[in-house]
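Note that the structure is a prediction, hence the values are computed from the model and not measured. Protein chains get the first letters and strands the later ones, always in sequence-line order, with residue 1 at the start of each.
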Amino acid sequence: MADSVITRYPPSPTGHPHVGGMRTALFNYLFAKKTGGKIILRFEDTDKSRSKKEFEESNFDALQWLKLSFDAIYKQSERTLIYKKYLGKMIAEGTAYLSSEETYISEGGEEEAEDEKGEHRERRSEVIRFKNPNKKVTFTDLVLGEITVDTSELKDFVIAKNLEEPLYHLAVVVDDFEMGITHVIRGVDGIYNTPRQILIQEAIGAPRPVYCHIPFVLGQDRAKLSKRNGSVPITEYRKLGFLPEALINYLALLGWHPGDDREIFTIEELIKEFELEKMQKAGAVFDVEKLRWINREHMKKLSEEDFKKGVLERLPENITALPGWSEERFSRFLPEIRDRISIFGDIEAMREAGEFNYIFDKPVFEIARILPAPKKEVHPDSKRIESHILRLIEELDRIPKEGFTKEGIKSALWEYATKEGRGEVLWPMRVALSGKEKSPDPFTLAAVLGKEETELRLKSAAERLHKLNE
RNA sequence: GGCGCCAUCGUCUAGCCUGGUUAGGACAGCGGCUUUUCAAGCCGUCAACCCGGGUUCAAAUCCCGGUGGCGUCACCA
């Protein structure tokens, strides 16, 4: 057999893809790429009643979004003939047999127990069972070590409903054999499937792949991640504005460790560093906070152009329709946005907080709010504040347009602000420019707004203060 | 319940194989600094070897026994 590695990711299209599945796909992908091997995508859709085209597509989309590519794609529903061939051979050789004992479908809420009319039905079924040799199976798992299981409890388990309708175990073993799979990397729950799959392998004369069972991704309650404890479809992360490379990075760190203190990796770096031997045995709780942090780190690496594009995609229409909107002002504001968000979805929170309104429209505020909170025994009075603002306008006016940058503005005002008391000068300046209790610092604001707009806003604030004084 | 897997700060983890520094890092939290705000950044800080025995001069690490958590027991995958 070929010694080059072939792995597979076998989702069953019975639900939307989630982080657990994607992490399994990722590990298969990393291992294949690391070893210069291949990876196969195989839809396990032998259960016709539960498999849906829609889920197949969403699995596909998620994989594509994460940029996990495959060397081949199969669908089990299109391989009936192949399974039939093996089934026939097994029956002929006596490793499987037709079983026709009477079986009653229990009514315990199973959909299968009811037909279209909603009536319970009894069914006498004939199925194909595996002739269990009832022996102990021992296999070596790459992360868990040697495992021995007595398979006699499994009895003669069913491997197909009939020659045309194979069941999971049969299909998996046949496919892994036919596709030359060398490494089976899957979640730990697959550990229970391994013994019976080995039994089938031995019956059809298939070689045993290397098994690697990776620990679960857990929810906050430490149970296997599922819808009810916080699992979210992958598409949600895209909607929330996470970067695919950040999700990849985070998922890789869930159960795997590079061996040193690095935490931020590109997919290429992961491929280079990845080793199955460094897998953790225990399950790992999925923590969105850490994901957000990793996303932030990846966002820092985005080029100005890409970041701008990402922001623009999520910026509500009405922001760009604001009277003060201009490409230039937006570009000057961009670094500030990058500082304030962890995921692109945070732009929505910025919008809600009104961060864009005062940048691209006039600030709206109660003039009394321009007075800084009293510090010590010095209480600010509005006349003094007015004179500060007037003075700021003068100083600002002396700065040439090219020098109107954060640093330029700061050095122009610093001496005066320090002499008069920074709080008493800078707080009013900031409020005059933003109208907000919270905002970026006054120098940044002035630089973003530009010389003209800054002076306009300061003048307007001074006038309102003046009226307050009369 | 049977069977199986697992067990280090709140979370992700390093260290375990090949016993030997104050058990290290990151996220979160807390505190401070920075341009009286916010965010970011920087600095600092908090906090863990599941329990009980044993072996040993020495145990997170080796051995035994508990406990706990999770998973699994389909004509689903």
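Comparing B:rU11, B:rU72, B:rA77 against the side chain of A:Y192 picks out B:rU72 as the nearest. Among B:rG41, B:rC76, B:rC12, the nucleotide with an atom closest to any side-chain atom of A:L254 is B:rC12. Among the nucleotides B:rU36, B:rC12, B:rC6, the one closest to any side-chain atom of A:P372 is B:rU36. Nearest to the side chain of A:L144, among B:rA77, B:rG71, B:rC6, sits B:rC6.
Residue contacts for A:N193: at a heavy-atom cut-off of 4.0 Å it reaches a base atom on one of the strands shown. Across all strands, A:Q280 comes closer than 4.0 Å only to sugar-phosphate atoms, never to a base (heavy-atom distances). Within 4.0 Å of A:R422, counting heavy atoms only, lie sugar-phosphate atoms of the nucleic acid but no base atom.
Cation-pi geometry between A:R186 and A:Y9 is not met: the NZ or CZ atom fails to fall both under 6.0 Å from the ring centre and inside 45° of the normal. Taking the ring centre of A:W427 as origin, the terminal cationic atom of A:R430 falls inside the region bounded by 6.0 Å and 45° from the ring axis.
Nucleotide B:rG71 forms a Watson-Crick or G-U wobble pair with B:rC3, both donor-acceptor distances falling under 3.5 Å. Pair check for B:rG31 finds B:rC43; Watson-Crick or G-U wobble, both atom distances under 3.5 Å.
Nearer to the 5' terminus of RNA chain B, by closest-nucleotide assignment, is the contact made by A:P428 (compared with the other of A:P428 and A:F216). Toward the 5' end of RNA chain B, the nearer of the two residues A:E44 and A:K281, judged by each one's closest nucleotide, is A:K281.
Taking a cutoff of 4.0 Å between a charged side-chain nitrogen and a carboxylate oxygen, A:E269 and A:K272 do not qualify as a salt bridge. Note on A:K290 versus A:E263: salt bridge recorded, some NZ/NE/NH1/NH2 to OD/OE distance being below 4.0 Å. A salt bridge does not link A:E386 with A:K383: every distance from a Lys NZ or Arg NE/NH1/NH2 to an Asp or Glu carboxylate oxygen is 4.0 Å or more.
The separation between A:Q197 atom CD and B:rA77 atom P is 12 Å, rounded to whole Å. Look at CG on A:N249: it is 17 Å from P on B:rC12, rounded to the nearest Å. What separates CE of A:M429 from C1' of B:rU36 is a distance of 15 Å, to the nearest Å.
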Take nucleotides 21-30 of chain B nucleotide by nucleotide from the 5' end and write B, S or -, depending on whether a protein heavy atom sits under 4.0 Å from the base, only from the sugar-phosphate, or from neither. ----SBS---
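Among A:K75, A:R42, A:R8, the single residue meeting the salt bridge (charged side-chain N to carboxylate O under 4.0 Å, His left out) criterion with A:D175 is A:R42.
Ring pair A:F344/A:F307 is tilted by interplanar angle, where 30° to 60° counts as tilted.
Checked by distance alone, A:D260 brings no side-chain donor or acceptor within 3.5 Å of a matching partner on the base of B:rA14.
Listed by first and then second residue, the side chain to side chain donor-acceptor pair (under 3.5 Å) pairs that reach into residues 408-417 of chain A are A:H388-A:Y416, sequence neighbours excluded.
Annotation: side chain of A:I264 is in contact with side chain of A:W293 (closest heavy-atom distance under 4.5 Å).
Applying a 4.0 Å cut-off to non-hydrogen atoms, the residues of residues 438-447 of chain A that approach RNA chain B are A:K438, A:S439, A:P440, A:D441, A:P442, A:F443, listed by residue number.
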